[in-house]
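Input: a single structure, listed below in structure tokens.
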Amino acid sequence: MIKAVRGTRDLLPPETALWNFVESAVRDVFRAYNFQEIRTPVFEDTALFSRSVGEETDIVSKEMYTWDDRGQVPKILADAVTPEDSARYSYQSLTLRPENTAGVVRAYIEHDLWQKGLSKLYYIGPQFRRERPQKGRYRQFYQIGAEVIGPASAGSESPARDAEVLEMLATLLDRLGITDWNLELNSVGCPNDRTAFNEALRKALEPVKDKMCADCQRRTVTNPLRVFDCKVPEDQPIIEKLPRISQFLDEPCRAHFEAVQAILKSVGVQFVLNDRLVRGLDYYTRTAFEFTHGALGAQNAILGGGRYDGLSESLGGPAAPGIGFAIGEDRLVMSLKESAEGVLRKPDVYIAPLGPGMNAEAARLARELRRHDLVVELGDESFRLKKSFEAATKAGAKYILIVGENEVKADAFALKDLAKGEQVSVPRAELAQRIQGAR
RNA sequence: GUGGGAAUAGCUCAACUGGCAGAGCACCGGACUGUGGCUCCGACGGUUGCGGGUUCGAUUCCCGUUUCCCACCCCA
């Protein structure tokens, strides 16, 4: 038997109702903040991701689904592509998107969206990373994300954008009934700050690294920032004494970060500062954040994001500061209190044709009722009435409508409330109103 | 990619030291030919994840493999 491949899964009803519940809440909330939907391709030129996410990140170095395809390096990327790149991509290398920010920024550049001032875009869709699967981590997973990007003159660089995005996320989670979230906030500064900080960190680690765990010794060389992620208890006293990024922020970055916090306080969004929070993707600058939720095990990050002021330029586009986030939809659905059954819309009425020739009449009635925005399930004239009742009950229908010879003659139909057990005869013309009234 | 645990009916799980592969729920039918839920009766349902090995005999022991789960790495 052929099965869904490792790390992928089918989303079946009724669980899909939960996903729709989430997505329609997302569309509602985002609309109030004037975000509009963008849909970008599921695969892109490989160079897009290595340039933006970062060649040295885990995502690019070992988690991408990449293959060679016939084609050429697209013009839009030509300026950003080095000679070594074009040799490497003589057959165009394509990659299933491991995240969606790069694609959105690519589209922003390609369609000259800077001309429209500030762009506020959101997306919902599958992403792909070749990681070892576990709970809340799949190889095809779904992200809901949004980006605010535009010329600085349109306010894209303002701390007001950061705060607005964070407040929107708090609103969304509350609206979904997820109340026990925690917002962790940090600033990772500008590229200059990070260079200085990395320098200082290496210097501070040099004399103590021998006392640290094997992972940390490796991180000291490859990516000193990641030492802050260490969970080994013995290393904590050492880590506590290390310099913090906050001490290295230049004046504009520090002021920006403080302004974000001030607005959050003013709108009443709770947060905690976490100067150990570092983001894994290269393009992040200044504000970095994460919303966590306790019930998710090791994968406790329900969403993450931050500012990426230099990303557009590094892809050959105009200066276009931006901030965005990605919600792990799989994880979000897992942390919902709602049950799939709870958000599922059950049939308002089950129509039970009774006896030969009744299917046609039942179909007419179904068509009529569905025009009134009722959810109608239709049985079959071959069913015994008992079977129709069982089917109606199993489907969770509110009413059952019997369509038999007697009813057709009288042009009035037996309508029974399945929960209350009350049955009445209702003239055809009043059926829709009668059923709607009970909703 | 590393380490550990698990895999038996559609679902949740049993099966003693290696000896006929079972139960509950679900599904289908009947008791009841125009009235469901409750009850009773019956039927259906299996390559014990897959492949090999040991054995008279393997769901059980061994090896390999796949997938899921837990943790690491990392991230959403």
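Here is how names work: the chains are called A, B, and so on, in the same order as the sequence lines, proteins then strands, and each is numbered from 1.
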When you measure from the side-chain N and O atoms of [X] to the phosphate of [N], is any distance below 4.0 Å, counting only OP1 and OP2?
X	N	result
A/Arg6	B/C68	yes
A/Arg130	B/G1	yes
A/Gln127	B/A76	no
A/Lys386	B/G29	no

Of all the choices, [options], which nucleotide is nearest to the side chain of [X] once you look at every atom?
X	options	result
A/Ala301	B/G34, B/G36, B/A76	B/A76
A/Glu390	B/A76, B/C74, B/G36	B/G36
A/Arg137	B/G34, B/C75, B/G1	B/C75
A/Gln134	B/C75, B/G34, B/C72	B/C72
A/Arg132	B/G34, B/G3, B/C68	B/G3
A/Thr393	B/C70, B/G1, B/G37	B/G37
A/Glu131	B/G34, B/A76, B/G36	B/A76
A/Phe389	B/C69, B/G34, B/G36	B/G36

In this structure, how many angstroms lie between the [atom2] atom of [N] and the [atom1] atom of [X], rounded?
X	N	atom1	atom2	value
A/Phe383	B/G36	CZ	P	16 Å
A/Glu422	B/U35	CD	P	19 Å
A/Lys387	B/G37	NZ	P	15 Å

Taking [M] as the reference, what is the distance to [N] when you measure between their [atom1] atoms (whole Å, please)?
N	M	atom1	answer
B/U8	B/G49	P	6 Å
B/U54	B/C69	C1'	30 Å
B/G46	B/A31	C1'	30 Å

Touch check for [X], heavy atoms < 4.0 angstrom, all strands: base, sugar-phosphate only, or nothing?
X	answer
A/Asn406	base
A/Gly7	sugar-phosphate
A/Gly305	nothing
A/Ile400	nothing
A/Ala326	sugar-phosphate
A/Leu303	sugar-phosphate
A/Gly355	nothing
A/Lys416	base
A/Ala4	nothing

Using purine N1 to pyrimidine N3 plus N6-O4 or O6-N4 for Watson-Crick, or N1-O2 and O6-N3 for G-U wobble, each under 3.5 Å, what pairs with B/C72?
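Partner of B/C72: B/G1.
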Scan every strand shown for a Watson-Crick or G-U wobble partner of B/C56, both distances under 3.5 Å, and answer none if you come up empty.
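B/C56 is paired with B/G19.
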For the base of B/A76 and the side-chain ring of A/Phe141, does the geometry meet a stacking cutoff of under 5.5 Å between centres and under 30° between planes?
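A stacking contact exists, since A/Phe141 sits close and nearly parallel to the base ring of B/A76.
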Decide yes or no on salt bridge (Lys or Arg N to Asp or Glu O under 4.0 Å) for A/Glu206 and A/Lys203, but give the supporting numbers first.
CA-CA 5 Å; A/Glu206 194 52 45; A/Lys203 215 169 270 177; over 6 Å; no
Kindly indicate whether the side chain of [X] and the base of [N] share any N or O donor-acceptor pair separated by less than 3.5 Å?
X	N	value
A/Arg331	B/C75	yes
A/Glu407	B/G34	yes
A/Arg384	B/G29	no

Is any side-chain N of the basic residue among A/Arg428 and A/Glu407 closer than 4.0 Å to the acidic one's carboxylate O?
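Judged by the 4.0 Å cut-off on N to carboxylate O distance, A/Arg428 and A/Glu407 do not form a salt bridge.
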Are there over 12 heavy-atom neighbours, none belonging to A/Phe271, within less than 6.0 Å of that residue's CZ?
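Atom CZ in A/Phe271 is crowded, with more than 12 foreign heavy atoms closer than 6.0 Å.
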